[in-house]
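Since the structure is predicted, the reported quantities are computational estimates derived from the model, not experimental observations.
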Amino acid sequence: MNKIARSVRLWFAPQRIREEGDTPDYRFSLANERTFLAWIRTALALIGGGFAVDQFLPELVWGVRAGLALGLLAAGVLCALRAVNHWVRCERAMRRGEDLPVSRFPTLLSLVVAVVAVAMVVVVLFGWEGV
């Protein structure tokens, strides 16, 4: 079975992670869980921001409003999926005594949020008439 399918299967059967390696100090597992929850809070904030842009900025031209909202919503969806994937990968690495996995996802997420924020700054500075 390929690595992606195995990883996704572990999302829905986390008890199977216990079959790998040794049990780490529980503080590390709890820290991993807190990190997961922080990613989920970030995902919820991004999703809420996407809905807020769509609902509370009706003066914006539809394409701009939809683009900003969809950018935030997509970032929220990706963040939520990444949260569980990162949790599984870190838990497995700790149990195996391996280095924790690295990822470019935080950079990607930061860039998406920055692009949307710059677009919002332009809207705020120059108004939404005609935008």
Side-chain angles (χ1 to χ4, degrees):
M1 183 179 302
N2 68 27
K3 291 170 73 172
I4 294 173
R6 177 170 166 69
S7 182
V8 170
R9 192 177 75 206
L10 288 174
W11 293 6
F12 300 100
Q15 68 276 8
R16 300 220 31 194
I17 293 173
R18 291 184 176 162
E19 297 171 4
E20 297 189 30
D22 299 320
T23 302
D25 184 331
Y26 71 91
R27 293 174 291 184
F28 298 122
S29 290
L30 292 175
N32 190 28
E33 186 174 326
R34 285 190 302 275
T35 302
F36 166 78
L37 293 172
W39 280 103
I40 292 296
R41 285 191 301 274
T42 301
L44 289 171
L46 289 165
I47 291 167
F51 280 116
V53 165
D54 184 56
Q55 293 299 307
F56 298 119
L57 299 176
E59 299 86 10
L60 281 176
V61 170
W62 179 85
V64 173
R65 187 178 76 234
L68 293 172
L70 289 174
L72 291 169
L73 290 168
V77 168
L78 290 174
C79 193
L81 293 174
R82 179 66 181 136
V84 68
N85 185 54
H86 186 72
W87 176 82
V88 166
R89 290 176 62 213
C90 286
E91 199 65 30
R92 289 177 73 201
M94 287 187 298
R95 295 187 71 81
R96 293 175 173 180
E98 299 172 352
D99 290 339
L100 294 179
V102 296
S103 173
R104 291 185 183 102
F105 183 76
T107 302
L108 174 67
L109 180 62
S110 297
L111 290 173
V112 169
V113 171
V115 167
V116 171
V118 167
M120 292 300 296
V121 166
V122 169
V123 167
V124 168
L125 288 177
F126 299 106
W128 17 75
E129 292 81 24
V131 177

If Ile, Leu, Val, Met, Phe, Trp and Tyr residues are connected whenever their side-chain heavy atoms lie under 4.5 Å apart, and connections chain through other members, are Leu10 and Phe36 in the same group?
yes
Approximate separation, where rounding is to 0.5 Å, of Leu100 CG and Glu91 CD
10.0 Å
What's the spacing between His86 NE2 and Thr35 OG1 if we round to 0.5 Å?
6.0 Å
Between Arg18 and Thr23, is any pair of side-chain heavy atoms under 4.5 Å apart?
no
Mark yes when over 12 heavy atoms from residues, nucleotides or ligands other than Asp22 sit less than 6.0 Å from its CG; otherwise mark no.
no
Is the shortest side-chain heavy-atom distance between Trp39 and Leu109 below 4.5 Å?
yes
Roughly how far, to the nearest 0.5 Å, is the CZ atom of Arg89 from the CZ atom of Arg82?
5.0 Å
Tell me whether Arg95 contacts the main-chain N or O of Ile17 through its side chain, where contact means a donor paired with an acceptor under 3.5 Å.
yes
What's the spacing between Trp87 CH2 and Leu37 CG if we round to 0.5 Å?
11.0 Å
Hydrophobic cluster identity match, Ile47 and Val116, side-chain contacts under 4.5 Å
no
Partners of Leu30 by side-chain contact (heavy atoms from CB on, under 4.5 Å), sequence neighbours excluded?
Tyr26, Glu33, Arg34
Quick check for you: to the nearest 0.5 Å, what is the distance between Leu81 atom CG and Trp11 atom CH2?
5.0 Å
Rounded to the nearest 0.5 Å, what separation is found between the CG atom of Leu60 and the CE atom of Met120?
6.5 Å
Could you tell me whether the side chain of Leu57 reaches within less than 4.5 Å of the side chain of Val123, counting heavy atoms only?
no
Expected list for residues 63-80: side-chain donor-acceptor pairs under 3.5 angstrom, two or more places apart:
{"from": "Arg65", "atom 1": "NE", "to": "Asp54", "atom 2": "O", "distance (Å)": "3.4"}
{"from": "Arg65", "atom 1": "NE", "to": "Asp54", "atom 2": "OD1", "distance (Å)": "3.3"}

Is the backbone N or O of Ala5 less than 3.5 Å from a side-chain atom of Asn2, with the two atoms forming a donor-acceptor pair by type?
yes
Val115 with Val121, same ILVMFWY side-chain cluster at under 4.5 Å:
no
